[in-house]
Student: 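Below are the structure tokens for one structure; questions will follow.
Computed from a predicted model, the values in this text were never measured in an experiment. Letters A, B, ... mirror the listed sequences (proteins, then strands); counts begin at 1.
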Amino acid sequence: MRLSQLFARTWREAPADAELVSHQLMLRAGYIRRLAAGIYSYLPLGWRVMRNIQEIIRQEMDAIGGQEINMPVVHPAELWQESGRWYDIGPELARFKDRVGRDMVLGMTHEEVVTDLARREVDSYRQLPFMVYQIQTKFRDEPRSRGGLIRVREFMMKDGYSFHPDQEDLDRYYPSVCQAYFNICRRCGVDVAMVASDVGMMGGTGAHEFMLVTAAGEDTLVLCRRCGYAANQDVAQSQRGDALSPSAPLREVATPEKKDVVEVARFLAAEPRGVLKTLVVVADGKPVMACIRGDLEVNERKLANCLGVGDVRLAHDEELVGWGMVAGYVSPVGQAHCRVIADLSVVEEQGLIAGANREGYHYTGARFGRDFSTPEVIDMAAARPGDACVECGGSLELARGVEIGNTFKLGLKYSRSMGAHYLDSEGAEKPLVMGCYGIGLGRLAACVVESHHDDKGIIWPLPVAPYPVHLVALGTGEDVVAAAAGIYEQLNASGISCIYDDRNASAGVKFNDADLMGMPLRITVSKRNLKESAVEIKPRSAESASSVALDAMLGYVQDWIDHQMARYKP
RNA sequence: CGGGGCGUGGCGCAGUUUGGUAGCGUGUCUGAAUGGGGUUCAGAAGGUCGCAGGUUCAAAUCCUGUCGCCCCGACCA
């Protein structure tokens with residue numbers, strides 16, 4: 001491709017509203033252009049990256065028995081009503097009516113459609129298991145898109161769905177998908193962490209996310225360096241430390257104006273961890289007292305999952321009043337009206353400071369099982385850095401991550417609600433057991449850039465680079481132009497695709513654009529080198545260039561490419 | 001949806017407080033010189049100042065409304 005003809009231009013400066021490096025560089029180098037909030041076009045260079053990523057994904061999905069299909073973008077609402085998500089999902093599901101007034105949706109994912117396919121096609125255990133996947137555009141009307149390609153509304157996703165006769169078969173297959181995901185990310189040059197994750201709106205029995213660990217990430221991860229434990233904070237477990245509070249009789253003490261944990265603890269000469277923190281949350285419109293040791297925070301996602309509701313929120317002060325509660329002095333001690341749920345951290349404590357359910361007073365010496373109780377003891381604490389790992393006791397760390405892909409054991413959620421059955425070898429009707437597996441391609445591309453750039457531009461790993469070679473002709477002398485054109489032809493004839501900077505521009509402009517666009521190998525043709533019958537070859541990732549004889553050029557490039565590709569081989 | 005901010009040639013910005021009919025850098029086009037890290041000189045094109053009302057002799061500037069975009073939060077397969 002001649003750069004003079006390439007449909008894209010580079011920008012010297014990034015638009016002011018692009019914050020992430022990947023966003024800035026992909027805009028500046030002419031890979032993507034924004035059409036609307038969270039909606040992007042891919043220019044030729046960007047699309048070549050996407051096609052490379054697609055091909056890697058296809059190879060890895062095919063390698064684990066995947067069969068590529070393509071499902072519609074537009075779905076009739078009835079399918080989503082059958083699964084229940086028509087009612088469960090809010091405005092991020094784009095809905096519209098067709099010309100005859102029929103409700104339709106834009107597919108944000110394809111469980112319904114693929115389950116519908118499966119129930120029509122599958123009758124017998126002999127057809128199981130199988131996995132189908134597609135690479136296709138999705139639309140989710142996110143409340144807030146951000147970060148360039150990291151969080152968008154319209155996006156290309158690889159979504160795969162596996163169907164199994166039973167849970168054991170899904171459990172057997174699931175690790176091969178995870179391995180394929182590691183392979184995909186490694187071949188794209190992205191180092192990912194597989195973390196246990198929340199099952200979210202998909203429902204199901206287990207899930208993992210594949211995360212690029214980066215400060216630009218939106219999710220909080222809990223990691224143990226010692227044993228490799230890794231989980232999204234929304235499901236992460238941790239040890240809370242031994243109970244310390246001494247046993248004491250329950251006694252009411254005056255704590256005027258002391259409402260929050262820190263104030264109360266200080267007033268009574270105690271530590272925050274000697275206080276029983278009681279949050280009143282609203283779940284399905286009803287109040288629940290969530291009790292946790294004072295030094296810990298509640299993770300609302302974990303709490304909501306334990307309560308079996310979509311989400312919880314803190315109650316407003318007016319709501320508390322309506323329920324006869326006193327803000328700052330709420331407590332499970334001596335009250336019988338409100339559902340109480342307790343974190344594991346409070347069970348062993350012998351004498352905690354707790355609210356007295358009246359203005360200006362707390363109890364000391366409150367003990368679980370004696371002064372208050374609930375059958376609902378759960379893990380709702382947010383893991384903290386430095387907490388002990390539940391697996392090995394090592395010290396946990398917190399990190400941020402970008403979710404590139406996810407894997408879910410869906411189980412029976414859709415086959416039940418949509419009636420997808422098969423007959424087993426005994427002739428008994430059984431529901432299909434499903435897994436589903438997603439990867440965001442644009443997000444993966446952005447993560448490659450986040451992982452591979454310097455202050456001058458992108459540094460593409462060879463397998464995803466739009467072109468392996470960036471050929472630069474310096475000056476407009478006839479000999480240089482002729483030599484460069486010859487090399488261009490030679491590379492093309494050898495199947496090495498190449499971007500050829502044939503513009504009448506100065507060396508600085510060409511080098512800067514080459515660095516910005518980030519092709520792995522740069523070949524420079526100039527009068528200076530031509531005198532030695534040589535060209536200059538420089539890997540984008542290297543500091544300096546090598547002089548290579550003209551007649552050795554092709555072999556050098558081919559060897560370099562082969563050597564690089566070997567690093568990324570599955 | 002809550003909080004904050006921004007809309008002025010392709011991109012980055014000034015001008016808005018104190019109304020007087022739009023400017024700088026970069027990019028683009030033409031010509032010339034230059035030719036190893038965004039080179040130089042000369043000339044040129046390109047803007048209903050997001051949109052709609054209103055105030056005024058006069059609005060980028062003041063008022064009202066509206067749309068779009070960004071950041072933080074809520075939300076998120």
Student: If you assign P15(A) and F155(A) each to the RNA chain B nucleotide with the nearest heavy atom, which residue ends up on the more 5' nucleotide?
Tutor: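 Per heavy-atom nearest nucleotide, the more 5' residue is P15(A).
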Student: Out of rG12(B), rC75(B), rC70(B), which has the shortest distance to the side chain of P143(A)?
Tutor: rC75(B)
Student: Closer than 4.0 angstrom, basic N to acidic O: yes or no for D260(A) and K277(A)?
Tutor: no
Student: Now, which nucleotide makes the Watson-Crick or G-U wobble pair with rA44(B), with each of the two distances under 3.5 Å?
Tutor: rU28(B)
Student: Could you tell me whether R85(A) and E111(A) have a side-chain N and a carboxylate O separated by less than 4.0 Å?
Tutor: yes
Student: Taking the minimum atom-to-atom distance to the side chain of K456(A), which one of rG38(B), rG37(B), rG12(B) wins?
Tutor: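 Closest of the options to the side chain of K456(A): rG37(B).
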Student: Round to the nearest Å and state the distance from E13(A) atom CD to rC24(B) atom P.
Tutor: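 So the CD-P distance, E13(A) to rC24(B), works out to 17 Å.
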Student: With P as the reference atom in both, quote the distance from rU61(B) to rG65(B) in angstrom, rounded to an integer.
Tutor: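 The answer is 16 Å between these two P atoms.
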Student: Across the strands shown, which category fits R522(A) at heavy-atom distances under 4.0 angstrom: base, sugar-phosphate, nothing?
Tutor: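 Base, at least one base heavy atom under 4.0 Å.
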Student: Using a cut-off of 4.0 Å on non-hydrogen atoms, how would the nucleic acid contact of A14(A) be classed: base, sugar-phosphate, or nothing?
Tutor: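 Sugar-phosphate: the residue A14(A), judged by heavy atoms under 4.0 Å, touches backbone atoms but no base.
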Student: Strictly by Watson-Crick or wobble contacts shorter than 3.5 Å, is anything paired with rG35(B), and which nucleotide is it?
Tutor: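 Base-paired to nothing in any strand shown.
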Student: Taking pairing as Watson-Crick or G-U wobble with both contacts under 3.5 Å, can you name the mate of rU17(B), or confirm there isn't one?
Tutor: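 Checking every strand shown, rU17(B) finds no partner, since no pair has both distances under 3.5 Å.
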Student: Counting the atoms with a prime plus P, OP1 and OP2 as sugar-phosphate, which does N406(A) contact under 4.0 Å by heavy atoms, base, sugar-phosphate, or nothing?
Tutor: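 Sugar-phosphate contact only - N406(A) comes under 4.0 Å of backbone atoms but never of a base.
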Student: Pick base, sugar-phosphate or nothing for N529(A), based on heavy-atom distances below 4.0 Å to the nucleic acid.
Tutor: base
Student: Could you work out which one of rC71(B), rG38(B), rC11(B) sits closest to the side chain of E19(A)?
Tutor: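 Nearest listed nucleotide: rC71(B).
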Student: Using Watson-Crick or G-U wobble geometry with both distances below 3.5 Å, tell me the partner of rG7(B), or none.
Tutor: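 Looking at the geometry, rG7(B) pairs with rC67(B).
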Student: Check D17(A) with R34(A), please: is the shortest side-chain N to carboxylate O separation under 4.0 Å?
Tutor: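 Judged by the 4.0 Å cut-off on N to carboxylate O distance, R34(A) and D17(A) do not form a salt bridge.
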Student: Considering only atom P, compute the distance from rG35(B) to rU26(B) and round it to an integer number of Å.
Tutor: 22 Å
Student: So if I take every side-chain heavy atom of A16(A) and compare against rC13(B), rC70(B), rG36(B), which nucleotide ends up nearest?
Tutor: rC13(B)
Student: Could you state the CG-C1' distance from L27(A) to rG12(B), rounded to the nearest angstrom?
Tutor: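 Value for this atom pair: 14 Å.
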Student: Starting at CG of L35(A) and ending at C1' of rC69(B), how long is that distance when rounded to a whole Å?
Tutor: 13 Å
Student: Hey, does E536(A) reach any base, or is it just sugar-phosphate, or nothing, if we go heavy atoms under 4.0 Å?
Tutor: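 It contacts base atoms.
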Student: Between R522(A) and A514(A) (side chain of the first, backbone of the second, donor and acceptor by atom type, cut-off under 3.5 Å), is there such a pair?
Tutor: no
Student: Choosing from rG37(B), rC13(B), rG38(B), which nucleotide comes nearest the side chain of L516(A)?
Tutor: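 Nearest nucleotide to the side chain: rG38(B).
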Student: When only distance counts, do a donor and an acceptor, one from the side chain of T476(A) and one from the base of rG35(B), lie under 3.5 Å apart?
Tutor: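 Indeed there is one.
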Student: Rounded to whole Å, please give me the gap between CG in L530(A) and P in rG36(B).
Tutor: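 Going from CG in L530(A) over to P in rG36(B) covers 14 Å.
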Student: Taking CD from Q24(A) and P from rG12(B), how many angstroms apart are they, rounded to a whole number?
Tutor: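 From Q24(A) CD to rG12(B) P: 11 Å.
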Student: Please work out if D159(A) contacts a base, only the sugar-phosphate, or nothing of the nucleic acid, heavy-atom cut-off 4.0 Å.
Tutor: nothing
Student: Could you tell me how far apart I39(A) (CD1) and rC70(B) (C1') are, to the nearest whole angstrom?
Tutor: 16 Å
Student: Which one, rC11(B), rG37(B), rC69(B), comes nearest to the side chain of D515(A)?
Tutor: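 The nucleotide sitting nearest to the side chain is rG37(B).
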Student: May I ask you to decide whether D501(A) forms a salt bridge with R2(A), counting only side-chain N to carboxylate O separations under 4.0 Å?
Tutor: no
Student: Under 4.0 Å between any heavy atoms, over every strand shown, what does S197(A) touch: base, sugar-phosphate, or nothing? Just pick one.
Tutor: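 Nothing, no nucleic acid heavy atom in range.
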Student: Does OP1 or OP2 of rG27(B) have a side-chain N or O of R12(A) closer than 4.0 Å?
Tutor: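 For rG27(B), OP1 or OP2 has a side-chain N or O of R12(A) closer than 4.0 Å.
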Student: Indicate whether any N or O donor in one side chain lies under 3.5 Å from an N or O acceptor in the other, for N183(A) and E60(A).
Tutor: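 Their side chains do contain a donor-acceptor pair, which is all the 3.5 Å distance test asks for.
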Student: Within 45° of the axis and under 6.0 Å from the centre of the six-membered ring of Y174(A), does NZ or CZ of K409(A) qualify?
Tutor: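 Yes, K409(A) sits over the ring of Y174(A).
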Student: Within the structure shown, what part of the strands sits under 4.0 Å from R313(A) by heavy-atom distance: base, sugar-phosphate, or nothing?
Tutor: nothing
Student: To the nearest angstrom, how far is R34(A) atom CZ from rG10(B) atom P?
Tutor: 14 Å
Student: Measure from CG on N504(A) to P on rU34(B) and round the result to the nearest Å.
Tutor: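 In whole Å, rU34(B) P lies 12 Å from N504(A) CG.
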Student: Which comes earlier along RNA chain B counting from the 5' end, the contact point of R153(A) or that of F511(A), where each point is its nearest nucleotide?
Tutor: F511(A)
